[in-house]
Novice: 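Provided herewith is a single structure, encoded as C-alpha coordinates, for subsequent inquiry.
Side chains included, hydrogens not; waters and symmetry mates left out as well; all remaining heavy atoms used. Residue numbers start from 1 in every chain, and the chains themselves are labelled A, B, ... in the order their sequence lines are given, proteins ahead of strands.
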There are 2 protein chains.
Amino acid sequence: MSDLVTRLRRHNWRITPQRRVIAETLEGSHVHFTAEQVLERAVERMPELSRATVYNTLNEMVALGEVLELALDGRSKRYDPNADHEHHHLICEGCGLMKDVHTVADPADWLPGDERHGFTLARSSVTYRGLCPDCQTAP
Amino acid sequence: MSDLVTRLRRHNWRITPQRRVIAETLEGSHVHFTAEQVLERAVERMPELSRATVYNTLNEMVALGEVLELALDGRSKRYDPNADHEHHHLICEGCGLMKDVHTVADPADWLPGDERHGFTLARSSVTYRGLCPDCQTAP
DNA sequence: ATCCTAGCTTAGACTGTGTCTAAACAAAGA
DNA sequence: TCTTTGTTTAGACACAGTCTAAGCTAGGAT
Ligand SMILES: [Mn+2]
Ligand SMILES: [Mn+2]
Ligand SMILES: [Zn+2]
Ligand SMILES: [Zn+2]
(Lines give C-alpha, C1' and ligand atoms only; values in the text may rest on other atoms or scores of the structure.)
(Ligands and ions follow the chains in the order given, each with its own letter.)
Protein backbone atom coordinates (compact mmCIF):
# COMPACT_ATOMS: atom_id res chain seq x y z
CA MET A 1 0.00 0.00 0.00
CA SER A 2 2.38 2.70 1.15
CA ASP A 3 5.73 2.50 -0.55
CA LEU A 4 7.28 4.61 2.18
CA VAL A 5 6.06 2.20 4.85
CA THR A 6 7.61 -0.75 3.05
CA ARG A 7 10.89 1.13 2.72
CA LEU A 8 10.78 1.97 6.42
CA ARG A 9 10.05 -1.60 7.40
CA ARG A 10 13.33 -2.73 5.84
CA HIS A 11 15.25 -0.90 8.53
CA ASN A 12 13.57 -3.12 11.12
CA TRP A 13 11.99 -0.10 12.61
CA ARG A 14 8.75 -0.68 14.47
CA ILE A 15 5.78 0.48 12.44
CA THR A 16 3.42 1.63 15.17
CA PRO A 17 -0.06 2.91 14.33
CA GLN A 18 1.18 6.48 14.82
CA ARG A 19 4.17 6.00 12.55
CA ARG A 20 2.04 4.39 9.89
CA VAL A 21 -0.43 7.27 9.86
CA ILE A 22 2.39 9.79 9.66
CA ALA A 23 4.14 7.96 6.81
CA GLU A 24 0.92 7.53 4.86
CA THR A 25 -0.01 11.17 5.35
CA LEU A 26 3.39 12.32 4.17
CA GLU A 27 3.16 10.19 1.07
CA GLY A 28 -0.30 11.49 0.07
CA SER A 29 -1.06 13.34 -3.14
CA HIS A 30 0.71 16.55 -2.28
CA VAL A 31 4.27 16.29 -1.13
CA HIS A 32 6.57 18.76 0.63
CA PHE A 33 4.35 19.16 3.68
CA THR A 34 5.58 20.93 6.79
CA ALA A 35 5.50 19.07 10.10
CA GLU A 36 2.45 21.07 11.15
CA GLN A 37 0.66 20.18 7.91
CA VAL A 38 1.42 16.52 8.48
CA LEU A 39 0.03 16.82 12.00
CA GLU A 40 -3.09 18.63 10.84
CA ARG A 41 -3.93 15.91 8.33
CA ALA A 42 -2.80 12.92 10.36
CA VAL A 43 -4.93 14.01 13.30
CA GLU A 44 -8.02 13.57 11.13
CA ARG A 45 -7.30 9.85 11.08
CA MET A 46 -5.91 9.58 14.63
CA PRO A 47 -7.20 12.41 16.82
CA GLU A 48 -5.05 11.58 19.85
CA LEU A 49 -1.79 11.84 17.87
CA SER A 50 0.63 14.31 19.43
CA ARG A 51 2.77 17.01 17.96
CA ALA A 52 5.88 15.56 19.59
CA THR A 53 5.37 12.22 17.89
CA VAL A 54 5.07 13.85 14.49
CA TYR A 55 8.32 15.74 14.99
CA ASN A 56 10.08 12.68 16.45
CA THR A 57 8.91 10.42 13.66
CA LEU A 58 9.79 12.80 10.85
CA ASN A 59 13.28 13.21 12.30
CA GLU A 60 13.70 9.45 12.53
CA MET A 61 12.59 8.93 8.94
CA VAL A 62 15.12 11.55 7.87
CA ALA A 63 17.85 9.82 9.90
CA LEU A 64 17.00 6.52 8.21
CA GLY A 65 17.48 8.25 4.87
CA GLU A 66 13.93 7.51 3.70
CA VAL A 67 12.65 11.09 3.85
CA LEU A 68 14.34 14.31 2.82
CA GLU A 69 14.27 17.38 4.98
CA LEU A 70 14.14 20.58 2.95
CA ALA A 71 15.07 23.89 4.55
CA LEU A 72 14.63 26.17 1.59
CA ASP A 73 13.33 29.36 3.14
CA GLY A 74 13.76 30.52 6.71
CA ARG A 75 10.35 29.16 7.69
CA SER A 76 9.19 25.63 8.42
CA LYS A 77 11.17 22.69 7.13
CA ARG A 78 9.42 20.58 4.52
CA TYR A 79 9.48 16.82 4.33
CA ASP A 80 9.80 14.94 1.07
CA PRO A 81 8.93 11.21 0.94
CA ASN A 82 10.56 10.93 -2.46
CA ALA A 83 14.04 10.26 -1.09
CA ASP A 84 14.61 7.28 -3.37
CA HIS A 85 14.40 9.35 -6.56
CA GLU A 86 17.18 11.87 -7.07
CA HIS A 87 15.57 15.18 -7.92
CA HIS A 88 15.71 18.92 -7.30
CA HIS A 89 13.22 21.72 -6.71
CA LEU A 90 11.71 24.63 -8.57
CA ILE A 91 10.00 27.19 -6.36
CA CYS A 92 7.66 30.03 -7.25
CA GLU A 93 8.70 33.23 -5.51
CA GLY A 94 5.16 34.52 -5.82
CA CYS A 95 3.05 31.82 -4.22
CA GLY A 96 5.50 29.26 -2.85
CA LEU A 97 4.47 26.48 -5.22
CA MET A 98 7.17 23.80 -5.28
CA LYS A 99 7.73 21.37 -8.16
CA ASP A 100 10.08 18.41 -8.41
CA VAL A 101 12.49 18.71 -11.31
CA HIS A 102 15.22 16.58 -12.84
CA THR A 103 18.47 17.95 -14.17
CA VAL A 104 20.21 16.62 -17.25
CA ALA A 105 23.34 15.70 -15.32
CA ASP A 106 24.66 15.21 -11.82
CA PRO A 107 25.47 18.63 -10.33
CA ALA A 108 28.60 17.12 -8.79
CA ASP A 109 30.03 16.90 -12.31
CA TRP A 110 29.89 20.67 -12.53
CA LEU A 111 32.16 21.27 -9.58
CA PRO A 112 35.78 21.04 -10.70
CA GLY A 113 38.35 19.36 -8.48
CA ASP A 114 40.10 22.60 -7.61
CA GLU A 115 36.81 23.99 -6.27
CA ARG A 116 36.30 21.11 -3.83
CA HIS A 117 38.74 22.30 -1.15
CA GLY A 118 39.60 18.69 -0.28
CA PHE A 119 36.03 17.82 0.65
CA THR A 120 34.47 14.46 -0.09
CA LEU A 121 31.11 15.13 -1.74
CA ALA A 122 28.09 13.33 -0.35
CA ARG A 123 25.13 15.00 -2.03
CA SER A 124 24.25 18.01 -4.14
CA SER A 125 21.00 19.85 -4.47
CA VAL A 126 19.86 22.53 -6.85
CA THR A 127 17.12 25.02 -6.09
CA TYR A 128 15.58 26.97 -8.94
CA ARG A 129 13.48 30.04 -8.18
CA GLY A 130 11.19 31.97 -10.46
CA LEU A 131 7.54 32.65 -11.17
CA CYS A 132 4.92 30.03 -11.97
CA PRO A 133 2.53 30.61 -14.88
CA ASP A 134 -0.21 31.95 -12.57
CA CYS A 135 2.09 34.40 -10.81
CA GLN A 136 3.49 35.70 -14.10
CA THR A 137 0.07 36.94 -15.22
CA ALA A 138 -1.27 38.08 -11.83
CA PRO A 139 1.67 39.54 -9.96
CA MET B 1 36.95 51.09 2.15
CA SER B 2 33.90 48.87 2.36
CA ASP B 3 32.78 47.73 -1.03
CA LEU B 4 29.38 46.77 0.36
CA VAL B 5 28.86 50.29 1.70
CA THR B 6 29.64 51.80 -1.71
CA ARG B 7 27.21 49.40 -3.35
CA LEU B 8 24.55 50.31 -0.81
CA ARG B 9 25.06 54.00 -1.30
CA ARG B 10 24.11 53.66 -4.97
CA HIS B 11 20.55 52.90 -3.98
CA ASN B 12 20.40 56.31 -2.32
CA TRP B 13 19.82 54.61 0.94
CA ARG B 14 20.86 56.54 4.03
CA ILE B 15 24.11 55.18 5.45
CA THR B 16 23.62 55.83 9.15
CA PRO B 17 26.36 54.99 11.65
CA GLN B 18 24.46 51.83 12.63
CA ARG B 19 24.06 50.69 9.04
CA ARG B 20 27.70 51.33 8.32
CA VAL B 21 28.86 49.25 11.26
CA ILE B 22 26.54 46.42 10.28
CA ALA B 23 27.67 46.45 6.65
CA GLU B 24 31.34 46.58 7.59
CA THR B 25 30.93 43.77 10.10
CA LEU B 26 29.18 41.61 7.56
CA GLU B 27 31.89 42.18 5.04
CA GLY B 28 34.73 41.27 7.43
CA SER B 29 37.12 38.39 6.90
CA HIS B 30 34.66 35.62 7.62
CA VAL B 31 31.46 35.64 5.65
CA HIS B 32 28.19 33.81 6.11
CA PHE B 33 27.50 35.19 9.59
CA THR B 34 24.14 34.76 11.26
CA ALA B 35 22.26 37.88 12.38
CA GLU B 36 23.24 37.15 15.98
CA GLN B 37 26.90 36.85 15.01
CA VAL B 38 26.70 40.18 13.21
CA LEU B 39 25.16 41.72 16.31
CA GLU B 40 27.77 40.19 18.64
CA ARG B 41 30.63 41.63 16.60
CA ALA B 42 29.03 44.94 15.66
CA VAL B 43 28.25 45.68 19.29
CA GLU B 44 31.97 45.69 20.02
CA ARG B 45 32.23 48.81 17.86
CA MET B 46 28.88 50.33 18.80
CA PRO B 47 27.70 49.08 22.18
CA GLU B 48 24.28 50.73 22.05
CA LEU B 49 23.35 49.04 18.75
CA SER B 50 20.10 47.12 19.04
CA ARG B 51 19.13 43.68 17.88
CA ALA B 52 16.11 45.07 16.02
CA THR B 53 18.31 47.36 13.94
CA VAL B 54 20.55 44.48 12.94
CA TYR B 55 17.58 42.42 11.78
CA ASN B 56 15.95 45.40 10.06
CA THR B 57 19.15 46.40 8.31
CA LEU B 58 20.01 42.91 7.11
CA ASN B 59 16.51 42.52 5.69
CA GLU B 60 16.81 45.85 3.91
CA MET B 61 20.17 44.96 2.41
CA VAL B 62 18.66 41.71 1.16
CA ALA B 63 15.69 43.58 -0.32
CA LEU B 64 18.11 45.91 -2.12
CA GLY B 65 19.76 42.85 -3.63
CA GLU B 66 23.16 43.65 -2.14
CA VAL B 67 23.25 40.82 0.40
CA LEU B 68 22.17 37.20 0.01
CA GLU B 69 20.11 35.47 2.62
CA LEU B 70 20.99 31.78 2.93
CA ALA B 71 18.59 29.41 4.65
CA LEU B 72 20.50 26.19 4.24
CA ASP B 73 19.70 24.34 7.41
CA GLY B 74 16.68 24.78 9.60
CA ARG B 75 18.57 27.04 11.98
CA SER B 76 19.59 30.68 11.67
CA LYS B 77 19.70 32.33 8.31
CA ARG B 78 23.14 33.36 7.13
CA TYR B 79 23.99 36.59 5.36
CA ASP B 80 26.40 36.76 2.45
CA PRO B 81 27.81 40.15 1.36
CA ASN B 82 29.10 38.59 -1.82
CA ALA B 83 25.88 39.12 -3.77
CA ASP B 84 27.64 40.64 -6.75
CA HIS B 85 29.64 37.50 -7.53
CA GLU B 86 27.58 34.53 -8.68
CA HIS B 87 28.63 31.53 -6.61
CA HIS B 88 27.38 28.50 -4.74
CA HIS B 89 28.15 26.75 -1.46
CA LEU B 90 29.92 23.68 -0.19
CA ILE B 91 29.05 22.71 3.36
CA CYS B 92 30.72 20.28 5.73
CA GLU B 93 28.14 18.01 7.34
CA GLY B 94 30.54 17.41 10.21
CA CYS B 95 31.42 20.89 11.44
CA GLY B 96 29.25 23.26 9.39
CA LEU B 97 32.19 24.88 7.58
CA MET B 98 30.90 26.69 4.51
CA LYS B 99 32.99 27.47 1.41
CA ASP B 100 32.13 29.52 -1.64
CA VAL B 101 32.45 27.54 -4.87
CA HIS B 102 32.06 28.25 -8.56
CA THR B 103 30.51 25.84 -11.03
CA VAL B 104 31.75 25.43 -14.59
CA ALA B 105 28.38 26.46 -16.07
CA ASP B 106 25.11 28.10 -15.20
CA PRO B 107 22.81 25.63 -13.39
CA ALA B 108 19.87 27.00 -15.40
CA ASP B 109 21.40 25.28 -18.42
CA TRP B 110 20.95 21.92 -16.69
CA LEU B 111 17.17 22.25 -16.49
CA PRO B 112 15.56 21.29 -19.78
CA GLY B 113 12.55 23.21 -21.05
CA ASP B 114 10.12 20.41 -20.37
CA GLU B 115 11.16 20.41 -16.72
CA ARG B 116 10.33 24.08 -16.22
CA HIS B 117 6.56 23.70 -15.90
CA GLY B 118 6.05 27.08 -17.54
CA PHE B 119 8.03 28.95 -14.90
CA THR B 120 10.26 31.90 -15.68
CA LEU B 121 13.60 31.25 -13.98
CA ALA B 122 15.02 34.05 -11.85
CA ARG B 123 17.94 32.44 -10.01
CA SER B 124 19.45 29.05 -9.29
CA SER B 125 21.55 27.90 -6.40
CA VAL B 126 23.51 24.74 -5.83
CA THR B 127 24.38 23.38 -2.41
CA TYR B 128 27.06 20.73 -2.15
CA ARG B 129 27.37 18.75 1.08
CA GLY B 130 30.16 16.51 2.23
CA LEU B 131 33.03 16.29 4.69
CA CYS B 132 35.88 18.75 4.97
CA PRO B 133 39.46 17.44 5.24
CA ASP B 134 39.44 17.75 9.04
CA CYS B 135 36.16 15.92 9.48
CA GLN B 136 37.25 13.09 7.19
CA THR B 137 40.14 12.15 9.48
CA ALA B 138 38.45 12.87 12.82
CA PRO B 139 34.80 11.89 12.39
C1' DA C 1 -0.42 -16.01 32.54
C1' DT C 2 2.61 -12.67 34.67
C1' DC C 3 6.41 -9.88 34.92
C1' DC C 4 10.04 -7.11 33.01
C1' DT C 5 12.13 -4.19 30.01
C1' DA C 6 12.93 -1.41 26.23
C1' DG C 7 10.94 1.47 23.39
C1' DC C 8 7.14 4.60 22.18
C1' DT C 9 3.86 8.35 23.04
C1' DT C 10 2.14 12.26 25.35
C1' DA C 11 1.32 17.14 27.30
C1' DG C 12 3.31 20.85 28.20
C1' DA C 13 7.36 23.61 29.35
C1' DC C 14 11.09 25.49 27.21
C1' DT C 15 14.50 27.49 23.61
C1' DG C 16 16.13 29.80 19.59
C1' DT C 17 15.13 32.73 15.86
C1' DG C 18 12.89 36.34 14.09
C1' DT C 19 8.97 40.02 13.90
C1' DC C 20 6.15 43.68 15.67
C1' DT C 21 4.89 47.80 18.36
C1' DA C 22 5.09 52.10 20.36
C1' DA C 23 7.87 55.59 21.75
C1' DA C 24 12.04 58.23 21.43
C1' DC C 25 15.33 60.16 18.32
C1' DA C 26 17.65 62.29 14.22
C1' DA C 27 18.02 64.45 9.94
C1' DA C 28 16.51 67.23 6.03
C1' DG C 29 13.65 70.60 3.97
C1' DA C 30 10.47 74.65 4.24
C1' DT D 1 12.86 77.27 13.71
C1' DC D 2 9.25 74.07 12.73
C1' DT D 3 7.64 70.15 10.43
C1' DT D 4 7.93 65.97 8.31
C1' DT D 5 9.81 61.78 7.40
C1' DG D 6 12.67 58.16 8.30
C1' DT D 7 15.54 55.55 11.89
C1' DT D 8 16.54 53.35 16.20
C1' DT D 9 15.36 51.26 20.43
C1' DA D 10 13.57 48.00 24.22
C1' DG D 11 10.72 44.82 25.03
C1' DA D 12 6.67 42.10 24.00
C1' DC D 13 5.27 38.76 20.96
C1' DA D 14 5.03 34.75 17.52
C1' DC D 15 6.46 30.66 15.41
C1' DA D 16 9.05 26.34 14.79
C1' DG D 17 11.08 23.00 16.95
C1' DT D 18 13.21 20.44 21.15
C1' DC D 19 13.22 18.55 25.69
C1' DT D 20 11.46 16.40 29.90
C1' DA D 21 9.13 13.47 32.83
C1' DA D 22 5.54 10.55 33.17
C1' DG D 23 2.58 7.06 31.41
C1' DC D 24 1.73 3.50 28.04
C1' DT D 25 2.59 -0.54 24.97
C1' DA D 26 4.43 -4.71 22.99
C1' DG D 27 7.15 -8.58 23.18
C1' DG D 28 10.34 -11.66 25.52
C1' DA D 29 11.52 -14.33 29.66
C1' DT D 30 10.07 -17.01 33.20
MN1 LIG E 1 10.70 16.77 -3.88
MN1 LIG F 1 28.90 32.81 -0.22
ZN1 LIG G 1 3.23 31.18 -8.15
ZN1 LIG H 1 34.18 19.71 8.82
Side-chain angles (χ1 to χ4, degrees), chain A residues 5 8-26 32-64 66-80 96 98, chain B residues 5 8-26 32-64 66-80 96 98:
Chain A
V5 169
L8 289 166
R9 206 193 301 281
R10 286 190 203 117
H11 295 269
N12 47 326
W13 187 60
R14 263 170 60 186
I15 309 290
T16 64
Q18 288 87 345
R19 288 173 176 179
R20 170 182 297 281
V21 168
I22 292 166
E24 290 178 357
T25 300
L26 186 61
H32 308 130
F33 282 153
T34 66
E36 298 292 337
Q37 289 171 327
V38 171
L39 174 61
E40 229 172 76
R41 285 159 180 81
V43 145
E44 291 169 10
R45 286 177 56 190
M46 182 180 275
E48 72 282 15
L49 179 68
S50 77
R51 215 165 71 100
T53 296
V54 172
Y55 277 94
N56 289 342
T57 299
L58 290 172
N59 284 337
E60 286 156 11
M61 297 189 308
V62 170
L64 291 175
E66 298 297 352
V67 165
L68 296 178
E69 185 179 75
L70 307 175
L72 297 175
D73 51 9
R75 328 179 69 131
S76 316
K77 292 175 189 165
R78 296 183 170 269
Y79 293 90
D80 187 338
M98 192 187 310
Chain B
V5 169
L8 289 166
R9 205 191 303 278
R10 284 191 205 120
H11 296 268
N12 47 326
W13 187 59
R14 265 172 54 188
I15 310 290
T16 65
Q18 289 88 343
R19 289 173 174 178
R20 170 182 298 282
V21 168
I22 291 166
E24 290 178 356
T25 299
L26 188 61
H32 308 131
F33 282 151
T34 66
E36 297 293 335
Q37 288 172 329
V38 171
L39 173 61
E40 231 172 74
R41 284 160 180 80
V43 145
E44 290 169 12
R45 287 178 55 192
M46 182 180 277
E48 72 281 15
L49 179 68
S50 76
R51 214 167 71 98
T53 296
V54 172
Y55 277 94
N56 289 344
T57 300
L58 290 172
N59 284 338
E60 286 156 10
M61 297 189 308
V62 170
L64 292 175
E66 298 297 350
V67 164
L68 298 178
E69 184 178 75
L70 307 175
L72 297 174
D73 52 8
R75 327 179 67 134
S76 316
K77 291 176 192 166
R78 296 182 169 272
Y79 293 89
D80 188 337
M98 192 187 309

Novice: Which residue pairs pass the salt bridge (Lys or Arg N to Asp or Glu O under 4.0 Å) test when at least one of the two sits in residues 8-19 of chain A, sequence neighbours left out?
Specialist: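 Listed once each, the pairs are A:Arg19-A:Glu60.
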
Novice: Please find the pair of heavy atoms, one from A:Ala71 and one from A:Lys77, that lie closest to each other, and give the distance.
Specialist: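 Taking every non-hydrogen atom into account, CB-CG, 4.4 Å.
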
Novice: Can you give me the closest heavy-atom contact between A:His32 and A:Gln37, atom names plus distance?
Specialist: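 Nearest pair, atom of A:His32 first, then A:Gln37: O-OE1, 4.2 Å.
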
Novice: Name each donor-acceptor pair under 3.5 Å that joins a side chain in residues 43-56 of chain A to protein atoms two or more places apart or in another chain, with its distance.
Specialist:
residue	atom	partner	partner atom	Å
A:Arg45	NH1	A:Glu24	OE1	3.1
A:Arg45	NH2	A:Glu24	OE1	2.9
A:Ser50	OG	A:Thr53	N	3.2
A:Ser50	OG	A:Thr53	OG1	3.1
A:Arg51	NH1	A:Glu36	OE2	2.9
A:Tyr55	OH	A:Glu36	OE2	2.9
A:Asn56	ND2	A:Ala52	O	3.3

Novice: Determine: side-chain N/O of A:Ser50 to OP1/OP2 of C:dT9, distance under 4.0 Å, yes or no.
Specialist: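 Looking at the OP1 and OP2 atoms of C:dT9, neither is under 4.0 Å from any side-chain N or O of A:Ser50.
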
Novice: Residues two or more places apart in sequence or in another chain: which of them pass side chain to side chain contact (heavy atoms under 4.5 Å, CB included) with B:Ser76?
Specialist: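 Here the qualifying residues are B:Thr34.
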
Novice: Base, backbone or nothing for each nucleotide of nucleotides 17-23 of chain C, written B, S, -, heavy atoms under 4.0 angstrom, 5' to 3'?
Specialist: SBBB---

Novice: Is the phosphate of C:dT10, meaning OP1 or OP2, less than 4.0 Å from a side-chain N or O of A:Gln18?
Specialist: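 True: A:Gln18 side-chain N/O within range (under 4.0 Å) of C:dT10 OP1/OP2.
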
Novice: With side-chain contact (heavy atoms from CB on, under 4.5 Å) as the criterion, how do A:Val5 and A:Arg20 come out once you've worked through the C-alpha distance, each side chain's angles and the decisive distance to 0.1 Å?
Specialist: CA-CA 7 Å; A:Val5 169; A:Arg20 170 182 297 281; 4.1 Å; yes

Novice: Kindly indicate whether the side chain of A:Leu68, heavy atoms from C-beta on, has any atom under 4.5 Å from the side chain of A:Val62.
Specialist: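 A side-chain contact is absent here, since even the closest heavy-atom pair is not under 4.5 Å.
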
Novice: At the 4.0 Å heavy-atom cut-off to chain B, mark where contacts on DNA chain D begin and end, going 5' to 3'.
Specialist: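 Both ends considered, the range comes out as D:dT7 to D:dA10.
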
Novice: Can you name the closest pair of heavy atoms from A:Met61 and A:Ala23 and give their distance?
Specialist: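 Reported closest heavy-atom pair: SD-CB, 4.4 Å.
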
Novice: Going by heavy atoms in the side chains, are B:Met98 and B:Leu70 under 4.5 Å from each other?
Specialist: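 They are in side-chain contact.
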
Novice: Whole-Å distance between C:dT9 C1' and A:Leu58 CG?
Specialist: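 Whole-Å distance recorded here is 15 Å.
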
Novice: Give me the residues of residues 38-49 of chain A where at least one heavy atom lies under 4.0 Å from an atom of DNA chain C, by number, or none.
Specialist: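 Output list: A:Glu48, A:Leu49.
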
Novice: Once you apply a heavy-atom cut-off of 4.0 Å, does A:Thr53 come out as touching a base, just sugar-phosphate, or nothing?
Specialist: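 Base contact.
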
Novice: Quick check with a 6.0 Å cut-off and a 45 degree axis cone: is B:Arg41 positioned over the face of B:Phe33's six-membered ring?
Specialist: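 Geometry flag: set, cation within 6.0 Å and 45°.
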
